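Below is one structure, written out as structure tokens; the observations come after it.
Quantities reported herein were computed from a predicted structural model and do not represent experimental measurements. The chains referred to below are lettered A, B, ... by the order of the sequence lines, with proteins before strands, and numbering in each begins at 1. Every heavy atom of this structure was used, including side-chain atoms; hydrogens, water molecules and symmetry mates were not.
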Protein chains: 2
Amino acid sequence: MKRASELDRLDLRMLQALQHDGRITNKELAEKVNLSPSACHQRLQKLIQDGWVDGFIGRINIDRLCRPVQCIATISLGSHAPDTFRFLEQRIEAIPEVMEAWTVSGGCDFIVRFICSHMTRYMELSNSLIQMCPEISNINTHVILKESKKFRGYPVDELMNPKGL
Amino acid sequence: MKRASELDRLDLRMLQALQHDGRITNKELAEKVNLSPSACHQRLQKLIQDGWVDGFIGRINIDRLCRPVQCIATISLGSHAPDTFRFLEQRIEAIPEVMEAWTVSGGCDFIVRFICSHMTRYMELSNSLIQMCPEISNINTHVILKESKKFRGYPVDELMNPKGL
DNA sequence: TACCAAACCGAATTTTATTCGAAGCAATAA
DNA sequence: TTATTGCTTCGAATAAAATTCGGTTTGGTA
């Protein structure tokens with residue numbers, strides 16, 4: 001299996017193309033990177049098999065389906081014992097309405113993004129977290145007014161070829 | 001074009017399947033929702049064409065490609081004039097290293113998620129924001145230690161069939 | 001019951017995916 | 001320089017999937 005430094009220009013261009021359109025056909029992808037369909041197919045299978053690609057998701061237009069309440073909560077713990085972290089992390093992960101969550105350093109310990117059918121539901125969820133984890137010292141809720149920038153893939157160029165190095 | 005309330009059970013199941021695997025074949029999707037491939041194909045095209053699906057993204061395993069620094073910044077403004085908001089929002093959007101950004105209410109005005117090749121680059125970016133927008137009163141940086149939960153699609157069931165209604 | 005529109009189905013056709021053997025290419029050792 | 005080796009590519013053949021289309025079913029309505 002290749003290491004990251006062994007991925008060549010074609011591999012990276014394929015990954016970028018897949019980020020941009022996860023449903024691109026192998027034939028189109030091959031044209032885009034100037035390979036024959038068979039060679040491209042072999043590379044693509046290998047990229048997926050070796051875990052460079054994490055999966056493909058169809059993004060649904062959730063705001064057209066319903067009018068959800070979205071919140072970002074910053075959670076602070078009183079105790080920083082590893083067990084406490086793990087426990088809360090697992091509980092957070094298990095909540096379907098949690099879309100993303102991060103363990104962070106800075107002014108708090110977790111940052112969690114929720115999407116809920118209504119505000120009361122969000123309150124239920126945050127209350128349940130407080131109840132099941134008394135070590136939580138603070139939850140600060142930020143209601144999302146607008147998604148200013150949606151995730152559209154990682155900036156592979158900037159990350160792989162950082163300026164000034 | 002259908003309205004949200006006119007999407008039936010099959011449409012929703014298709015959207016959920018696409019969230020889970022954006023590269024699922026039409027044939028597999030048809031089996032999953034108990035339709036003939038042709039009927040499923042027609043529905044899928046219509047769902048995409050009518051904008052229920054926002055696009056397809058291949059998720060790449062960025063931590064295998066490099067060792068990026070990821071941060072979440074909370075930004076507060078001194079002036080809440082609409083022009084100030086719009087200006088900063090546009091500048092934030094334009095930064096390739098900004099993966100996601102939200103306008104929020106609560107203890108701050110924007111929450112922004114960065115991915116950078118190294119910490120110095122992050123500092124450059126946050127400094128540049130402060131320079132170009134003097135109305136920023138505070139930026140609080142949270143370094144991401146761990147992605148506790150990755151986005152895996154919206155909880156369609158919970159959002160469309162909220163408990164207690 | 002008769003009619004209509006929408007959705008579905010199955011078969012036919014077109015396009016794409018997948019497989020596979022042969023050829024090209026670069027690095028290495030003789 | 002010349003063989004050898006391993007890896008990648010290519011193109012053709014085959015398998016599978018997508019797409020189209022005419023006919024049928026279905027559900028609602030007059």
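Residue B:L7 contributes atom CG, which lies 15 Å from atom C1' of C:dA7 at whole-angstrom precision. The distance between atom CD of B:E28 and atom P of C:dA17, rounded to the nearest whole Å, is 14 Å. Taking atom CZ of residue B:R9 and atom C1' of nucleotide C:dA7, one finds them 15 Å apart after rounding to whole Å. We find that CG of A:L29 is positioned 15 Å from C1' of C:dT18, with the value rounded to whole Å. For the pair B:K27 NZ and C:dC9 P, the computed distance is 15 Å after rounding to whole Å. To the nearest angstrom, C1' of C:dT18 lies 16 Å from CG of A:L35.
In the hydrophobic clustering of ILVMFWY residues, with side-chain heavy atoms under 4.5 Å counting as a link, A:I72 and A:I130 come out apart. Hydrophobic clustering places B:L88 together with B:I139 (ILVMFWY residues linked when any side-chain heavy atoms are closer than 4.5 Å, directly or through intermediates). Under the 4.5 Å side-chain heavy-atom criterion for ILVMFWY residues, a single connected hydrophobic cluster contains both B:V112 and B:M132.
Ring geometry, B:F85 versus B:F110: the interplanar angle falls from 30° to 60°, so the pair is classed tilted.
Of the listed nucleotides (C:dC20, C:dC9, C:dT16), C:dT16 has the atom at the smallest distance from the side chain of A:T25.
The stretch residues 44-56 of chain A comes close to DNA chain C through A:Q45, each having a heavy atom under 4.0 Å from the strand.
Nearest-nucleotide mapping onto DNA chain D: of A:K2 and B:N26, the residue sitting toward the 5' end is A:K2. Both B:R23 and B:D8 sit near DNA chain C, but only B:D8 has its closest nucleotide nearer the 5' end.
In the 5' to 3' direction, nucleotides of DNA chain D lying under 4.0 Å from heavy atoms of chain A begin and end at D:dT8 to D:dG11.
Checked by atom type, the side-chain pair A:T25/A:E28 shows a donor-acceptor distance below 3.5 Å. Between the side chains of A:T103 and B:S148, at least one donor-acceptor pair of N or O atoms lies under 3.5 Å.
Remark: A:E124 engages A:R121 in a salt bridge, criterion side-chain N to carboxylate O under 4.0 Å.
The residue from B:R113, B:K149, B:R152 that alone fulfils the salt bridge (charged side-chain N to carboxylate O under 4.0 Å, His left out) condition with A:E100 is B:R113. None of B:M14, B:H41, B:R43, B:R13 except one satisfies the side-chain contact (heavy atoms from CB on, under 4.5 Å) rule with B:L29; the exception is B:M14.
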